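Keep in mind it's a predicted model, so treat the numbers as computed, not measured.
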Amino acid sequence: MSSARPRHKNKTFATLLALLLGGTGAHRFFLRGMGDKWGLLHLASVPATALVMALAPTADIFFQVLPLTVSYLAGFLEALVIGLMPDEKFDASFNAGSGGRTDSRWPLAILLVVTMLVGTTTLIATISRLFDLIYTGGAYG
């Protein structure tokens, strides 16, 4: 009976997954497996968005996609947490027993900058639209 080594998880790829598919929990499933509760909560935002769209077809599209937007905002934050985690801590958390070592390079830095740009733009746009809809009834858009 031989025990296979766990697969080495790439920190840059995990950060990319969080940036692109963070709203669906792909990065959490990659790092922690399909049973991750927070990953399942991210994934639940997809049917929640569909449910809101079905139950309130005349509502503003902002409100219809709000569950998915909030999930993506959390995914952007998680991308920053993963990407900024020291390599040793990442390996201790996700690569124990894999035999490999994480060595972050410049592509990770580029992903972190892109995450900041996309994440802050999405956050500011979401806050702006929410205030517009709440306080003016959507007078500005």
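Atom OG of Ser45 and atom CG of Leu51 lie 12.5 Å apart (nearest 0.5 Å). Of the inter-residue distances, the one linking Leu17 atom CG with Phe29 atom CZ reads 11.5 Å to the nearest 0.5 angstrom. Atom CG in Leu40 sits 7.0 Å away from atom CE in Met34 (nearest 0.5 Å). Of the inter-residue distances, the one linking Asp103 atom CG with Lys11 atom NZ reads 10.0 Å to the nearest 0.5 angstrom. Taking OG1 of Thr15 as the start and CG of Leu20 as the end, the distance is 11.0 Å to the nearest 0.5 Å. In this structure, CE on Met85 lies 10.5 Å from OG1 on Thr102, to the nearest 0.5 angstrom.
Both Phe62 and Tyr135 sit in one connected hydrophobic cluster of ILVMFWY residues. Membership requires side-chain heavy atoms under 4.5 Å apart, directly or through other members. Placement of Val70 and Val46 within a single hydrophobic cluster is found when ILVMFWY residues are connected by side-chain heavy-atom separations under 4.5 Å, directly or transitively. Hydrophobic clustering (side-chain heavy atoms under 4.5 Å, transitive across Ile, Leu, Val, Met, Phe, Trp, Tyr) groups Ile110 together with Phe90. Note on Leu43: it does not cluster hydrophobically with Tyr72, by side-chain heavy-atom contacts below 4.5 Å among ILVMFWY residues. One hydrophobic cluster, built from ILVMFWY side chains closer than 4.5 Å, holds both Leu73 and Ile134.
Residue-environment remark: CE (Met116) stays at or below the threshold of 12 foreign heavy atoms within 6.0 Å.
Judged by distance alone, the side chain of Asp87 and the main-chain N or O of Ser104 form a donor-acceptor pair under 3.5 Å. Between the side chain of Ser71 and the backbone N or O of Pro67, no donor-acceptor pair lies under 3.5 Å. The backbone N or O of Lys9 lies less than 3.5 Å from a partner atom in the side chain of Asn95, making a donor-acceptor pair. The backbone N or O of Ala26 lies less than 3.5 Å from no partner atom in the side chain of His42, so there is not a single donor-acceptor pair. Here the side chain of Thr49 pairs a donor or acceptor atom with the backbone of Leu68 at under 3.5 angstrom.
The shortest distance between side-chain heavy atoms of Phe131 and Thr136 does not fall below 4.5 Å. Between Leu16 and His27 the shortest side-chain heavy-atom distance does not fall below 4.5 Å. Side chains of Leu123 and Phe76 form no contact here, defined as non-hydrogen atoms less than 4.5 Å apart. Contact of the Leu19 side chain with the Val114 side chain is registered, since non-hydrogen atoms from C-beta on lie closer than 4.5 Å. The shortest side-chain heavy-atom distance between Phe63 and Leu130 falls under the 4.5 Å cut-off. Ile82 is listed as a side-chain neighbour of Leu31, based on a closest heavy-atom distance under 4.5 Å. At a threshold of 4.5 Å between non-hydrogen side-chain atoms, the residues Asp91 and His8 count as touching.
For Met53 against Ile61, the heavy-atom pair with the smallest separation is CE-CD1, 3.8 Å. Nearest heavy-atom pair across Leu21 and Thr24 is O-OG1, 2.8 Å. Of all the heavy atoms in Ala44 and Pro47, the pair that sits closest is O-CD, 3.2 Å. Taking all atoms of both residues into account, the shortest heavy-atom contact from Ala79 to Leu112 is O-CD2, 4.0 Å.
The side chain to side chain contact (heavy atoms under 4.5 Å, CB included) test with Thr122 singles out one residue from Thr120, Val118, Ile124, and that residue is Val118.
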